[in-house]
Amino acid sequence: MKIDSLEQAVQTIICKVYKAEYNKKITIIELKDLNGFVYGYHFKLILNREERPLDIMVEGNEDYFLESVEKELIERRLIDTKFYLGEKLKH
């Protein structure tokens, strides 16, 4: 399965789990050994800050990767997370 297909599959999982559409870039990188064999995937999901993405790394084939991502998204309940911007005031 190509990376574009995996990214689309993750987008579908997000819609299924959260009943919402993710509107930022989903990044999936193949994890390869020294011989070029793909042994897993690294998934990055940017939430509120680009420098602090949600990282999920899974060793295994595409099906296991997608199952793991779905399980992780269900457990993290990201749809319930609220983000706030704090500002330090001088006294």
Side-chain angles (χ1 to χ4, degrees):
M1 188 179 282
K2 299 225 183 246
I3 294 295
D4 293 340
S5 300
L6 282 175
E7 290 172 356
Q8 185 59 43
V10 170
Q11 184 69 265
T12 303
I13 290 170
I14 291 171
C15 288
K16 175 183 167 188
V17 171
Y18 296 131
K19 310 284 188 278
E21 194 169 316
Y22 182 72
N23 61 1
K24 292 186 180 179
K25 175 78 172 120
I26 293 173
T27 304
I28 299 174
I29 301 167
E30 293 178 333
L31 302 175
K32 296 181 180 181
D33 64 11
L34 295 175
N35 297 323
F37 176 75
V38 176
Y39 66 90
Y41 298 91
H42 179 195
F43 167 59
K44 283 186 178 185
L45 191 68
I46 297 172
L47 299 175
N48 64 331
R49 297 176 69 185
E50 206 165 309
E51 64 272 8
R52 292 181 145 181
L54 167 68
D55 286 320
I56 300 173
M57 285 196 215
V58 177
E59 290 185 19
N61 63 17
E62 296 94 353
D63 293 332
Y64 183 71
F65 167 72
L66 294 172
E67 289 171 15
S68 299
V69 167
E70 182 172 358
K71 181 180 175 189
E72 190 72 25
L73 292 176
I74 289 169
E75 288 178 2
R76 288 184 186 243
R77 298 177 51 118
L78 297 174
I79 200 78
D80 296 335
T81 304
K82 304 285 188 247
F83 295 100
Y84 299 95
L85 180 62
E87 187 175 325
K88 185 175 180 179
L89 303 174
K90 293 182 181 181
H91 285 52

**Q.** Residues that Asp55 engages under side-chain hydrogen bond (donor to acceptor under 3.5 Å, both in side chains), provided they are two or more places apart
**A.** His42
Q) In terms of hydrophobic clustering (I, L, V, M, F, W, Y; side-chain heavy atoms under 4.5 Å; direct or indirect links), are Ile74 and Tyr22 co-clustered? A)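 Yes, it is one cluster - the side chains of Ile74 and Tyr22 are joined through contacts under 4.5 Å.
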Q.
Quick check: is Tyr64 connected to Ile13 through a chain of hydrophobic side chains (ILVMFWY, heavy atoms under 4.5 Å apart)?
A. yes
Could you grab the distance from atom [atom1] of [X] to atom [atom2] of [Y], nearest 0.5 Å is fine?
X     : Y     : atom1 : atom2 : value
Leu6  : Gln11 : CG    : CD    : 13.0 Å
Met57 : Lys44 : CE    : NZ    : 8.5 Å
Leu66 : Glu62 : CG    : CD    : 8.0 Å

Q: Report the residues that fulfil salt bridge (charged side-chain N to carboxylate O under 4.0 Å, His left out) with Lys32, sequence neighbours left out, ordered by chain and then residue number.
A: Glu30
(Q) Suppose we screen for salt bridge (charged side-chain N to carboxylate O under 4.0 Å, His left out). Which residues come up paired with Lys71, at least two apart in sequence or across chains? (A) none
Q: Just say parallel, tilted or perpendicular for the rings of Phe43 and Phe65, cut-offs at 30° and 60°.
A: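 Correct class here is perpendicular.
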Q: Report yes if the side chains of Val10 and Leu45 come closer than 4.5 Å at any heavy-atom pair, otherwise no.
A: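 They are not in contact (no side-chain heavy atoms under 4.5 Å apart), so the answer is no.
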Q. Taking all atoms of both residues into account, what is the closest heavy-atom pair of Ile56 and Val58, and its distance?
A.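 Where Ile56 meets Val58 most closely, the heavy atoms are CG2-CG2, 3.9 Å.
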Q: Return the minimal non-hydrogen interatomic distance between Tyr41 and Asn61, and the atom names on each side.
A: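 So the two residues come closest at CE1-C, 4.2 Å.
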**Q.** Sequence-distant partners of Glu7, side chain to side chain contact (heavy atoms under 4.5 Å, CB included), two or more places apart
**A.** Ile3, Asp4, Lys25, Ile26, Ile28
Q. With distance as the sole test, does Asp33 use its side chain to make a donor-acceptor pair with the main-chain N or O of Asn35 at under 3.5 Å?
A. yes
